[in-house]
Amino acid sequence: MIPCGEIKVRGFHIDVFSHVNNARYLEFMEEARWVVLEEYIGFKKMKAKGVIFVVVNININYRKAASMGDRLELYLGLHEIGGKSAVFHQEIRLKGKGTVVADAKVTFVFADENSGKAVRIDDELRGLLEKLANEGRK
C-alpha cells in the first residue's frame, strides 16, 4: 500500500457521539485518491486524453472509532484492473499503531469528459495503474 498522507482529527470531524463521523472517512479517502491521481496519473495527462476520473462504487468498513486528536495515516493500493474499471483498496490507520480504523474497496472508471460514459482503460493509463500497483507492493 502506498502512504498518501496524514490527517489530524479535528473537532469539525467529530459527530455528537464524540468520534469521527462516517462521512468524514469518505473525505479522508478522497484526499488519498487525489494524492495518487496527481502523482501517478496526472490531471494534465487525463485532460489531454479527454477523460475524467469517476468513482462508481464504494464499499467501506468502519473498524474502529477515531477521536479528536488522533493522527490518521492514509494508504491506497490498486486491487484490480479491468477493461473499463479498476478497484483501489484504501485504508485509514491510527498513526504509530497500525490499527485499521476504516478500509474500503473503491471502484472507478475513466469517463469521456463530454459524454460522461466510461471508456476502455487504454494501454498508457493501464501502464500507469500497473506502476501504481507495483509501487504499492514494495
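Computed from a predicted structure; not experimentally measured.
- With rounding to the nearest 0.5 angstrom, the SG atom of Cys4 is 14.5 Å from the CZ atom of Phe28.
- Across all non-hydrogen atoms, the minimal contact from Glu73 to Leu94 is OE1-O, 4.2 Å.
- Within the structure, the side chain to side chain donor-acceptor pair (under 3.5 Å) test picks out no pair touching residues 7-18 (sequence neighbours left out).
- In this structure, Leu37 is a member of the same hydrophobic cluster as Ile58, with clusters built from ILVMFWY side-chain heavy atoms closer than 4.5 Å.
- A distance of 9.5 Å separates NZ in Lys131 from CD1 in Ile41, rounded to the nearest 0.5 Å.
- Ring centroid separation for the pair Phe43 and Trp34 comes in under the 6.0 Å cut-off.
- Ion pairing between Arg24 and Glu27 holds under the 4.0 Å rule for side-chain N and carboxylate O.
- Using a 4.5 Å heavy-atom cutoff, the side chains of Arg33 and Gln90 are in contact.
- Ala32 and Leu74 get closest at one heavy-atom pair: CB-CB, 4.0 Å.
- The CG atom of Leu76 sits 6.5 Å away from atom CG of Leu132, with the distance rounded to the nearest 0.5 Å.
- Of all the heavy atoms in Asn22 and Tyr62, the pair that sits closest is O-OH, 3.4 Å.
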Under 3.5 Å, which donor-acceptor pairs link side chains of residues 100-111 to any protein atom two or more places apart or in another chain?
| residue | atom | partner | partner atom | Å |
| --- | --- | --- | --- | --- |
| Asp103 | OD1 | Asn61 | ND2 | 3.0 |
| Asp103 | OD2 | Arg63 | NE | 2.5 |
| Asp103 | OD2 | Arg63 | NH2 | 3.1 |

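- For the side-chain contact (heavy atoms from CB on, under 4.5 Å) with Leu26, the qualifying choice from Val55, Ile60, Asn21 is Ile60, the only one to do so.
- Taking NZ of Lys95 as the start and CZ of Arg71 as the end, the distance is 6.0 Å to the nearest 0.5 Å.
- Applying the side chain to side chain donor-acceptor pair (under 3.5 Å) test to Asn59 and every residue at least two apart in sequence or in another chain returns Asn57.
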Pair up each side-chain donor or acceptor in residues 115-126 with any protein partner under 3.5 Å, not counting sequence neighbours, and list the distances.
| residue | atom | partner | partner atom | Å |
| --- | --- | --- | --- | --- |
| Ser115 | OG | Asp112 | OD1 | 3.4 |
| Ser115 | OG | Lys117 | N | 3.1 |
| Asp122 | OD1 | Glu124 | N | 3.1 |
| Asp122 | OD1 | Leu125 | N | 2.8 |
| Asp122 | OD2 | Lys49 | NZ | 2.6 |
| Glu124 | OE1 | Lys49 | NZ | 2.9 |
| Glu124 | OE2 | Lys45 | NZ | 3.2 |
| Arg126 | NH2 | Gly82 | O | 2.8 |

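- The cluster map of Ile, Leu, Val, Met, Phe, Trp and Tyr, joined by side-chain heavy atoms under 4.5 Å apart, puts Ile52 and Ile81 in different clusters.
- Taking CG from Leu72 and OG1 from Thr99, the interatomic distance works out to 11.0 Å, rounded to the nearest 0.5 Å.
- Summarising the hydrophobic clusters (Ile, Leu, Val, Met, Phe, Trp, Tyr; side-chain heavy atoms under 4.5 Å, direct or chained), the residues clustered with Val35 are none.
- Asp70 contributes no side-chain N or O that, together with a main-chain N or O of Ala66, makes up a donor-acceptor pair within less than 3.5 Å.
- With hydrophobic clusters built from ILVMFWY side chains whose heavy atoms lie under 4.5 angstrom apart, Tyr25 does not share a cluster with Val87.
- Phe88 and Val54 are assigned to two separate hydrophobic clusters, defined by single-linkage of ILVMFWY side chains at heavy-atom distances under 4.5 Å.
- A search for side-chain contact (heavy atoms from CB on, under 4.5 Å) contacts involving Glu39 returns nothing, not counting sequence neighbours.
- For Arg93 and Tyr75, the positive end sits near the middle of the six-membered ring, less than 6.0 Å away and at most 45° from its axis.
- Ring planes of Phe17 and His19: parallel class, angle under 30° (limits at 30 and 60°).
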| said: Using the rule given for side-chain contact (heavy atoms from CB on, under 4.5 Å), can you reason through His89 versus Glu80, listing the C-alpha separation, both sets of side-chain angles and the distance that settles it, and then say yes or no? | reply: CA-CA 9 Å; His89 176 229; Glu80 174 182 337; over 6 Å; no
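- Connection of Val36 to Ile92 is established within a shared hydrophobic cluster, with ILVMFWY side chains joined at heavy-atom distances below 4.5 Å, either directly or through further cluster members.
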